[in-house]
Amino acid sequence: MQDYLSGLNEQQKEAVLHIKGPLMIVAGAGSGKTKVLTTRIAHLIANGVDAFNILALTFTNKAAAEMKERIEKILNNSSNNTSGSEARNLYIGTFHSVFARILRTEAPRLGYPNNFTIYDTDDSRSVLKAVITDMELDIKQYKPNFVHNRISAAKNALISADEYEDDYYLQQEDAKAKRPLIGKIYKAYAERCFKNGAMDFDDLLLNMFILLKNYNDALVKYQHKFQYILIDEYQDTNPVQYQITKLLSAVHENICVVGDDAQSIYSFRGATIENILQFKKDYDDVSIIKLEQNYRSTQSILNVANTVIGNNKGQLPKELWTNNEAGDKIKVVKTISDNEEGKFVADSIKEHQLRYHYGNKDFAILYRTNAQSRAFEESLRKQGIAYRIYGGISFYQRKEIKDMLAYLRLIVNMKDEEALKRIINYPVRGIGKTTIEKLSIIAHQENITMFQVVENAAKYGFKAGTLDALDKFATMIHYFQNILTEKNAYDVAVLVGKHTELVKELFNDKTTEGLSRYENVQELLNSIKEWTELPDSEDGEVNNKGLGAYLQQITLLTDADDDKEDNDTVKLMTIHAAKGLEFACVFVVGAEEELFPNAMSLNTREELEEERRLFYVAITRAKHKLWVTYATTRYKFGSLKQNEPSRFLHEMPDNFLDKTYAGGAAKNNSNLGSAYERMYRGFGNQLRDHRPQTSEKKPSYLPANPPATKTVTHIPTANFTPSDISEIEEGQKIEHQRFGFGTIAKLEGSSHNPIATIRFDQNGEKKIMLNYAKIRIVK
DNA sequence: GATTATATGGTTTTT
DNA sequence: CCATATAATC
């Protein structure tokens, strides 16, 4: 027997060894499904299957990277003489990244360039906005965001623009919503993207499907390449993904899917657990293996999780059990505000670290929406606890990075109108809004790309000054393109930075924000350099280490991916992002009605059930300790909002809960807590006042509550010398890049024209947030 | 055409 | 609160 099997239980072993034919593994939370999947792949390779013939699909890059790493490890440690380096040849990644890679080779068949651009959500919305305005429709009626969701849903359900317009019910729906023209917009949007040589996220799936469906030789090619197909988190696949994998696996039928219907949380992306049910019917002899033993959590946590999820109707029958110890009760915590919640969590982390010697990395804070991260960031900083936020705005979505990338995108794909529009006048070179509009209109009329209009601007009667600017711009881009053929991606990028004076502009901005923007661009250049120095892979794909390849993979990255090793930090992320992960101690925060379950998801029972599954996913991330916290008030859009405790709190069985910190009353009953609590708390005091103090004294650097924000108004005069940002008072001198120097005349003000806002940063230091980037405080 | 002041309006969740 | 759209001004 292979030594890598020794750590598995009987079902897990069976799942690994059952190699041929369709297999569905129904696996509960913490049942070791990733372990099974990785071991299975290792087993395949160890038994002589060529890694080139294995395709493993995941939902995050991180999951893919982790899997690959583990496989290498297993192979290296195995007594088989297969080397871990064999794992490099695996096709393993997210649906999107794997298909993007394939499409890089196959795109020309579909009329796209090899170097097609991948539009992220921002790009898509921007294109939509342009399309909607071009159609002379009201942007308020057709909000790009809304329209995009609708189009995205259609694509994920394999509905083309034509089909969309022909469908009676869809049309009725849109008409009812007073948005009857979405179908037309869909069509125009798709055409525009195609003309730009660009695919959006959904197109990566859709075009992969079209490729397999319409080009038989392509289908045959990939059916034979991918003899073994494995899919993680199968409950989260949507119809396109389903159809693609079905096509790919049709010949060999060696397809193995792993899923847990209780963890299906991506229906907004078109995912449907129907795919799990359908799987059984699609192949002749499907084997099903259930993994029901949980190795992760304590009994208390598992019991609570099981009870909560029991409130959902129509779950597939499954009984999760564990041999682990009972463990602590789940702590339910009530605070009066989002900031207090943050404080409680940070303090609790500190306390547990001191008491039980947990490291930072043993903790995770999980929330429903990204916007909730702020309070925790602040409190963790104050406590001096290292943390890392996943999600939110990723590195590649920052403005300065997108600007730089837009140049590179345009050089690689001149059809990319979005990129062109972004940088044609950045840094400013006298090509204004009117000119850009004109360019766009001409491009449309002549049915050529916008850059072609720029190249031939003379033909189209621009005024001398503008013409000159356009010519210069075209020449510059051509120059970059020529260089691209002789130099590598990094050299080109550096040159672009220099030549466009983009870097210089950032460098000259000496504000804190400007400085970090400069550093970000530097960082981008570093990452490009790293990329160019990676070895080529040898699977005969198109130009796989060029700038084009770099740009394509970068769009599919989230900031969760460039994990600089398992640094010892507290992890902050949404519950969605936490799927598949586990932590010793977990805080599930913001357990309030309208936040979690989210107000947007209270329309139907299905939506509510998905929220409940989300809650289930959240609490099953915890191995040892679990807190569920909620705040009675919370800021939304800057104004205070009252919140009721989440209904999910009531669904948790009392006998596994410790409500000491919830005033004994997650439910609105009259229980005021134990005698001890009442003794030390009094009535109505906040819990931080009565929480058991650790032996450790409070660090002296802990600041008091930051004072309320003040605003200042600024009147420019003349003649001061600059220095550091420090204190700000009336009469404080200010420098503005264009206005020159001036003085702050009023400290609290009119609130209407705040030049600067005073805040306190993580170290309790006064910081001035300047509302105009080019002003700074001088001594 | 470029920059700054004012108004508006937006928060699920992700590739 | 924050980021972007529109209006106003140079």
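- Within 4.0 Å (heavy atoms only), A/Ser601 reaches at least one base atom of the nucleic acid.
- Contact annotation for A/Asn370: backbone-only contact, meaning every heavy-atom pair under 4.0 Å involves sugar-phosphate atoms and none involves a base.
- Atom CD1 in A/Ile575 sits about 10 Å away from atom P in B/dT14, given to the nearest Å.
- Atom-to-atom, CG of A/Leu204 to P of B/dT14 comes out at 18 Å; the value is rounded to the nearest Å.
- The residue A/Gly432 sits close only to the backbone: its heavy atoms come under 4.0 Å of sugar-phosphate atoms, none of a base.
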Please produce a list of atom pairs where a protein N or O lies less than 3.5 Å from an N or O of nucleotides 5-8 of chain C.
from: C/dA5; atom 1: OP1; to: A/Lys129; atom 2: NZ; distance (Å): 2.5

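- Atoms CD (A/Glu437) and C1' (B/dG1) sit 14 Å apart, rounded to a whole Å.
- Among the protein residues, A/Phe596 comes within range of no part of the nucleic acid, since none of its heavy atoms lies under 4.0 Å from any strand.
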### Query
Run the side-chain hydrogen bond (donor to acceptor under 3.5 Å, both in side chains) check on A/Asp200 and A/Tyr189 step by step: do they pass?
CA-CA 11 Å; A/Asp200 66 15; A/Tyr189 167 76; 2.8 Å; yes
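- Distances from the side chain of A/His576 to the nucleotides B/dT13, B/dG1, B/dT15 place B/dT13 closest.
- Rounded to whole Å, the distance from NZ on A/Lys402 to P on C/dA3 is 15 Å.
- Considering only side-chain atoms of A/Arg269, the nucleotide from B/dT13, B/dG1, B/dT15 that sits closest is B/dT15.
- Looking at every heavy atom in both residues, A/Asn275 comes nearest to A/Tyr234 through O-CE2, 3.4 Å.
- Here A/Ser97 does not reach the OP1 or OP2 of B/dT15: none of its side-chain N or O atoms lies under 4.0 Å away.
- With B/dT14, B/dT3, B/dT15 as the candidates, the nucleotide lying closest to the side chain of A/Leu556 is B/dT15.
- As a whole-Å value, the separation of A/Glu400 CD from C/dA3 P is 12 Å.
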### Query
Checking side-chain hydrogen bond (donor to acceptor under 3.5 Å, both in side chains) for the pair A/Asn238/A/Asn156: CA distance, chi angles, key distance, verdict?
CA-CA 7 Å; A/Asn238 63 30; A/Asn156 281 320; 3.2 Å; yes
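- When each of A/Glu607, A/Glu611, A/Glu606, A/Glu610 is paired with A/Ser601, the side chain to side chain donor-acceptor pair (under 3.5 Å) condition holds for A/Glu611 and for no other.
- With respect to the salt-bridge test (charged N to carboxylate O, under 4.0 angstrom), the residues A/Asp468 and A/Arg429 do not qualify.
- Rounding to whole angstrom units, CG of residue A/Asn149 and C1' of B/dT15 are separated by 14 Å.
- The nucleotide whose nearest atom lies closest to any side-chain atom of A/Thr574 is, among B/dT13, B/dG9, B/dG1, B/dT13.
- Looking at heavy-atom distances under 4.0 Å, A/Asn145 makes contact with sugar-phosphate atoms alone, never a base.
- For B/dT14, neither phosphate oxygen OP1 nor OP2 lies less than 4.0 angstrom from any side-chain nitrogen or oxygen of A/Thr121.
- Here A/Arg613 does not pair with A/Asp261 in a salt bridge; the nearest charged N to carboxylate O distance is not below 4.0 Å.
- When the shell of 6.0 Å around NZ of A/Lys636 is examined, it contains 12 or fewer heavy atoms from other residues, nucleotides or ligands.
- Closest to the A/Thr435 side chain, of the nucleotides B/dT3, B/dT14, B/dG1, is B/dG1.
- What you find for A/Ala406 and A/Ala419 is that their closest heavy atoms are O-CB, 3.5 Å.
- Taking atom CZ on A/Phe99 and atom P on B/dT14, their separation rounds to 21 Å, with Å as the unit.
- Of the two residues contacting DNA chain B, namely A/Glu610 and A/Thr466, the nearest-nucleotide position lying further toward the 5' end is that of A/Thr466.
- To the nearest angstrom, P of B/dT15 lies 14 Å from CG of A/Asn156.
- Among the atoms of the strands shown, none is found under 4.0 Å from any heavy atom of A/Lys463.
- Residue A/Asn425 has a polar side-chain atom (N or O) positioned under 4.0 Å from OP1 or OP2 of B/dA2.
- Candidate nucleotides B/dG10, B/dT15, B/dT13 were compared by shortest atom distance to the side chain of A/His96, and B/dT15 ranks first.
- In this structure, A/Phe201 forms no aromatic stack with the base of B/dT14, since the conditions of centre separation below 5.5 Å and plane angle below 30° are not both met.
- Two residues, A/Lys636 and A/Ile431, neighbour DNA chain B, and the one matched to the more 5' nucleotide by heavy-atom proximity is A/Ile431.
- A salt bridge links A/Lys641 with A/Glu594: the distance from a Lys NZ or Arg NE/NH1/NH2 to an Asp or Glu carboxylate oxygen falls below 4.0 Å.
- A/Tyr635 comes within 4.0 angstrom of no nucleic acid atom, judged by non-hydrogen atoms across all strands.
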